[in-house]
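Heads up: the structure comes next, in structure tokens.
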Amino acid sequence: VSGGEEYTDVDISMSHDRTHSVSGRVALPKHGHKFAVTIVSIDQPALRVTSTTTAPDGTFSIDGVPSGAYHLLVSGPVVNMGSEGAILDAQPLFGRGLLEVAGQNVDGLTISVDEGRSVSLSLRVASPGPTTSCGPRGSVTLAPLEDWGAALAQRVDVEFAAGRILAHLAPGPYQATVAEPNNVCLGGHTVTTTFDPQQASSMSSVALQIIPAGSIRGQINTDAKRA
């Protein structure tokens with residue numbers, strides 16, 4: 001609204017849709033472990049609708065869920081809580097399922113959990129020539145594209161020649177971003193790709209292709225005669 005303008009007859013509609021509860025059980029590998037249970041919208045999986053943690057027997061109950069289609073994401077064991085969500089054990093387990101809330105409570109869900117997925121991550125230089133201008137390694141940030149309610153983002157160093165195997169990843173889409181290996185290689189840019197370890201029956205391979213920045217070299221001649 002700009003200065004001096006006036007708007008009338010502006011109506012605002014308020015939704016009075018009921019919310020519902022979702023309850024069930026995570027099939028715990030060991031009694032007493034706590035797991036994070038998170039609900040995200042299928043259309044906007046990066047935005048958490050709500051989350052909770054399981055009781056010692058694996059049961060959970062979540063209130064206030066509007067009607068809609070969701071992913072139910074489970075991760076654990078939870079060892080602590082941080083600013084980004086649950087902090088998981090060094091050997092995390094994951095589970096997921098589709099959730100349809102259609103005007104009534106959803107009860108009796110059972111979610112199984114399994115080991116995380118692994119990927120082989122490598123860096124490749126697109127242009128011919130030695131890779132020394134890019135240094136021996138690059139720093140890669142991995143971040144899930146779904147909000148699992150847990151601190152799953154990580155930053156790792158990856159060797160150009162050897163690559164690196166990354167384990168314990170959640171079964172869902174990730175974004176991998178390689179930052180500036182040094183002041184020469186990318187010229188201040190970043191290289192990003194997405195991958196989903198859930199889609200592969202065995203360990204998948206992910207390659208980030210780097211196009212090194214060019215350079216201009218020359219000499220400034222200050223001895224030229226003035227006109």
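Owing to the predicted nature of the structure, the values given are computational and were not obtained by experimental measurement. One is the number of the first residue; the rest follow in order along the sequence.
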> Among pairs that include at least one residue of residues 35-49, which meet salt bridge (charged side-chain N to carboxylate O under 4.0 Å, His left out), considering only residues two or more places apart or in two chains?
Replying inline: Arg48-Asp147
> Does Ser205 have any side-chain hydrogen bond (donor to acceptor under 3.5 Å, both in side chains) partners at least two apart in sequence or in another chain, and if so, which?
Replying inline: none
>> Tell me every residue that passes salt bridge (charged side-chain N to carboxylate O under 4.0 Å, His left out) with Glu115, counting only those two or more places apart in sequence or in another chain.
In response: none
>> Who clusters with Leu98? Use side-chain heavy atoms, under 4.5 angstrom, across I, L, V, M, F, W and Y, and order the result by chain and number.
In response: Ile42
>> Return the OG to CG distance between Ser51 and Leu73, rounded to the nearest 0.5 Å.
In response: 10.5 Å
>> Please find the pair of heavy atoms, one from Leu142 and one from Ala176, that lie closest to each other, and give the distance.
In response: CD2-CB, 3.5 Å
> Which residues satisfy the side-chain hydrogen bond (donor to acceptor under 3.5 Å, both in side chains) test with Gln44, sequence neighbours excluded?
Replying inline: none
> Between Leu152 and Ala170, what is the shortest heavy-atom contact and its length?
Replying inline: CD1-CB, 3.9 Å
>> Rounded at 0.5 Å granularity, tell me how far OG1 in Thr52 sits from NZ in Lys34.
In response: 9.5 Å
>> Considering only residues two or more places apart or on different chains, which pairs with a residue in residues 92-102 satisfy salt bridge (charged side-chain N to carboxylate O under 4.0 Å, His left out)?
In response: Arg96-Glu146
> Minimum heavy-atom separation for Ala36 to Val78, with atom names?
Replying inline: N-CG2, 3.7 Å
> Looking only at heavy atoms, which two atoms of Pro171 and Asp196 are closest? And how far apart?
Replying inline: C-OD1, 4.4 Å
Which atom pairs, one a donor and one an acceptor, fall under 3.5 Å between side chains of residues 79-90 and the rest of the protein, sequence neighbours left out?
{"residue": "Asp89", "atom": "OD2", "partner": "Gln91", "partner atom": "N", "Å": "2.8"}

>> Within this structure, what is the OG-CG distance for the pair Ser41 and Leu47, rounded to the nearest 0.5 Å?
In response: 8.0 Å
> Which atom names give the shortest non-hydrogen contact between Pro144 and Ala153, and what distance separates them?
Replying inline: CD-N, 4.1 Å
> Which pairs with one or both residues in residues 158-170 pass salt bridge (charged side-chain N to carboxylate O under 4.0 Å, His left out), sequence neighbours excluded?
Replying inline: Arg137-Glu159
> Tell me, which pairs form a side chain to side chain donor-acceptor pair (under 3.5 Å) where one or both residues lie in residues 58-67, sequence neighbours left out?
Replying inline: His20-Ser67, Asp57-Thr59
>> Going by salt bridge (charged side-chain N to carboxylate O under 4.0 Å, His left out), name the pairs with one or both residues in residues 70-79, residues two or more places apart or in two chains.
In response: none
> For residues 138-157, which residue pairs qualify under ring-ring contact (aromatic ring centres under 6.0 Å, His included), counting only residues two or more places apart or in two chains?
Replying inline: Phe94-Trp148
> Residues sharing Ile62's hydrophobic cluster, by side-chain heavy-atom contacts under 4.5 Å among ILVMFWY, directly or via others?
Replying inline: Val22, Val26, Leu28, Phe35, Val37, Ile39, Val49, Phe60, Val65, Tyr70, Leu72, Val74, Leu93, Leu99, Val101, Val106, Leu109, Ile111, Val113
>> Rounded at 0.5 Å granularity, tell me how far CG in Leu208 sits from CG in Leu121.
In response: 6.0 Å
>> To the closest 0.5 Å, what do you measure between CZ (Arg155) and OG1 (Thr177)?
In response: 10.0 Å
>> As an exercise, state the distance from CD of Gln154 to OG1 of Thr141, rounded to the nearest 0.5 Å.
In response: 9.5 Å
